[in-house]
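Below is one structure, written out as structure tokens, with a few remarks after it.
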2 protein chains.
Amino acid sequence: MITDKIFVPVKAGRAGEEIALQIQAAILNGDIVPGEKLPSERELQCLFKTGRGVIREALQVLRQKGLIETYKGSKGGAYIKNLEVVNVSESFALFLKQSHTDPMHLIEFRESIDYIITDLAIARGTADEKSLLVRKTEALAKAVKGNGSSLETLVELDKDLNIIFAKMTHNSIFEWIMRAVQLGFSSMDNALYEDLEYRTYAVENWRNTAREIAASDPIKAKSYISYHYMILRKKVLLITNSSSLQVNDNHEQPDTDSACC
Amino acid sequence: MITDKIFVPVKAGRAGEEIALQIQAAILNGDIVPGEKLPSERELQCLFKTGRGVIREALQVLRQKGLIETYKGSKGGAYIKNLEVVNVSESFALFLKQSHTDPMHLIEFRESIDYIITDLAIARGTADEKSLLVRKTEALAKAVKGNGSSLETLVELDKDLNIIFAKMTHNSIFEWIMRAVQLGFSSMDNALYEDLEYRTYAVENWRNTAREIAASDPIKAKSYISYHYMILRKKVLLITNSSSLQVNDNHEQPDTDSACC
DNA sequence: CCATGTAGAATGGTCTTACCATTTAGGTTG
DNA sequence: CAACCTAAATGGTAAGACCATTCTACATGG
């Protein structure tokens with residue numbers, strides 16, 4: 001549980017963030033371990049000598065960072081979570097969206113990463129992993145040929161394949177970066193897979209790539225990947241998005257400090 | 001400003017996050033552009049038909065994501081920000097810290113990225129950029145030889161150098177990834193630079209690398225980088241960290257719904 | 001006329017109190 | 001013993017008040 005001296009009261013103009021930082025530091029420092037429960041909001045309110053609203057803002061920050069999970073009811077509260085790659089990936093995707101990064105830049109990055117992963121996957125991937133990769137590509141190919149699968153299912157299979165691929169490096173950073181890139185790509189992936197010609201070709205190319213990886217032939221594997229990105233670039237050039245924006249104005253003039261409605 | 005129909009009331013068990021998502025969508029969608037101001041908390045409270053606390057939690061999330069900045073006083077409020085790479089980098093660093101990623105994995109990743117950047121920097125970097133890189137490395141070398149500079153200054157110069165290097169790819173994703181990796185590395189970089197032997201060697205190696213990049217010789221440049229990471233791995237093996245963790249317990253039993261103190 | 005100061009409004013930040021919904025634990029009753 | 005019910009703990013929401021900060025606009029005095 002929580003020792004007295006871990007947290008100190010605070011009164012700055014940004015108490016919530018300050019408190020969030022203190023708790024975060026306690027988590028990163030190992031003073032609170034995953035699975036453990038934070039004191040209830042009403043207790044934290046006393047520990048930090050502050051109002052409950054401030055505590056809730058702090059917990060909201062931690063929740064958003066993926067550091068804690070909260071449950072309602074008796075025995076509820078904020079539990080320390082094992083940080084998942086998905087959070088930082090989302091952050092990355094958000095950045096890509098808001099900064100209007102050139103899709104071609106993302107493709108270039110993804111291609112570069114794929115080459116690195118290929119080498120590492122061949123060098124470090126176990127026989128089981130390699131055969132799994134091959135089997136998954138064949139499953140995807142079958143799913144594409146038999147038209148029974150939905151588009152979402154196919155895209156999902158493709159993503160899984162990439163994750164498995166990245167996991168073969170036995171370096172979690174590559175797995176994370178792969179998830180992040182895919183999140184940034186997600187809008188495009190759906191559009192691409194709608195094209196029948198593209199998806200039949202793509203899965204075939206995946207099969208070839210997986211086979212060469214299983215055969216530990218980095219040159220041929222990377223050659224297939226190179227071809228894949230050439231096609232990808234062509235297709236992406238055909239997909240253009242446009243967005244709209246509107247602004248306006250309307251105000252009221254309330255008398256009290258309370259809400260205006 | 002903000003049109004009426006952008007936001008819809010909400011009443012779920014997680015109203016704050018729902019509201020944050022709505023506003024975030026409006027931002028990413030272009031309905032609200034950077035520099036523009038959100039309605040005041042008391043107005044939002046009416047638009048969403050909810051309490052002010054919920055609104056504040058939502059804004060806290062957006063603030064934490066780096067999407068808005070808030071100011072106090074008249075004409076204060078929440079202003080839409082241009083998302084900076086620093087936010088996603090911090091998210092990445094947080095993940096590295098909390099997941100106890102093997103430093104060797106981070107080094108491996110960084111080395112891979114460096115090779116890619118080298119090729120791109122040589123291919124795309126302008127003559128000006130290349131000469132700037134060389135000059136900066138020489139400035140760093142001078143700063144290391146003349147013992148007048150503090151350790152922090154040297155580390156900072158080294159980081160700047162890496163950012164300049166990444167910028168030469170003319171692909172902002174590499175710049176971002178470089179910042180992220182450096183944040184994850186920061187604790188180690190300081191320790192490494194404390195070693196006189198390491199820093200004299202490191203800056204000399206940087207000079208050589210920069211020179212080869214300026215000379216557009218990727219083979220030699222990557223050879224220097226390879227050597228650098230060999231040394232780096234050796235040094236990092238000598239740096240070991242240990243952390244402590246303590247737990248405890250103490251509770252009170254208040255009677256009312258209010259705070260316990 | 002201009003500079004200076006002052007009052008007020010707008011706004012974020014905080015605190016308090018209250019109530020609701022959910023969940024668990026424990027007791028009660030058939 | 002099982003089913004049910006009640007109470008306590010806890011997060012989620014709401015409303016109202018007050019403070020500190022900041023800007024605007026008006027008044028005041030030179």
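Convention: sequence-line order gives letters A, B, ...; per-chain numbering from 1. All values derive from a computational prediction rather than experimental measurement.
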For the pair made of OH in B:Tyr71 and C1' in C:dA10, what is the distance, rounded to whole Å? 17 Å
Quick one: pull up OG1 in B:Thr169 and CD1 in B:Ile177 and give me the separation to the nearest 0.5 Å. 11.5 Å
Select base, sugar-phosphate, or nothing to describe what A:Gly53 touches, counting heavy atoms under 4.0 Å on all strands. nothing
Let's see if you can work this out: which of D:dG12, C:dC15, D:dA14 has an atom nearest to the side-chain heavy atoms of B:Val54? D:dA14
In whole Å, I'd like the distance from the CD1 atom of B:Ile19 to the C1' atom of D:dT13. 11 Å
Just compare D:dG12, D:dT13, C:dC15 and give me whichever is closest to any side-chain atom of A:Thr50. C:dC15
Nearest 0.5 Å, what's the CD1-CZ distance between B:Ile163 and B:Arg179? 4.5 Å
Rounded distance (Å) that lies between atom P of D:dA14 and atom CD of B:Gln45: 9 Å
Spacing between A:Glu43 atom CD and D:dG11 atom P, to the nearest angstrom: 9 Å
Check: A:His170 main-chain N/O paired with B:His105 side-chain donor or acceptor under 3.5 Å: yes
Euclidean distance, B:Leu44 CG relative to B:Arg52 CZ, rounded to 0.5 Å: 10.5 Å
Please confirm whether any donor atom in the side chain of A:Arg52 sits under 3.5 Å from an acceptor in the base of D:dG12, or the reverse. yes
Value in whole Å for how far the C1' atom of D:dT10 lies from CZ of A:Arg56: 10 Å
Polar side-chain contact B:Arg42-C:dG12 base: donor and acceptor under 3.5 Å: yes
From CD of B:Glu41 over to C1' of D:dC18, roughly how many Å is that when rounded to an integer? 15 Å
Just the table, please: protein N/O against nucleotides 23-28 of chain C N/O, every pair under 3.5 Å.
residue, atom, partner, partner atom, Å
C:dT23, O2, A:Ser74, N, 3.0

Would the distance check show the side chain of A:Asn29 and the main-chain N or O of A:Asp31 forming a donor-acceptor pair, the cut-off being under 3.5 Å? no
In whole angstroms, how far is the P atom of D:dT13 from the CD atom of B:Glu17? 9 Å
Please list all pairs passing the salt bridge (charged side-chain N to carboxylate O under 4.0 Å, His left out) test where one or both residues lie in residues 160-173 of chain A, with sequence neighbours left out. A:Lys167-A:Glu175
Once you round it to whole Å, what is the distance between P of C:dT11 and CG of B:Leu44? 11 Å
Nearest listed nucleotide, side chain of B:Lys37, among D:dT13, C:dT11, C:dT14: C:dT11
Any salt bridge (charged side-chain N to carboxylate O under 4.0 Å, His left out) involving residues 67-82 of chain B? Give me the pairs, sequence neighbours left out, ordered by first then second residue. none
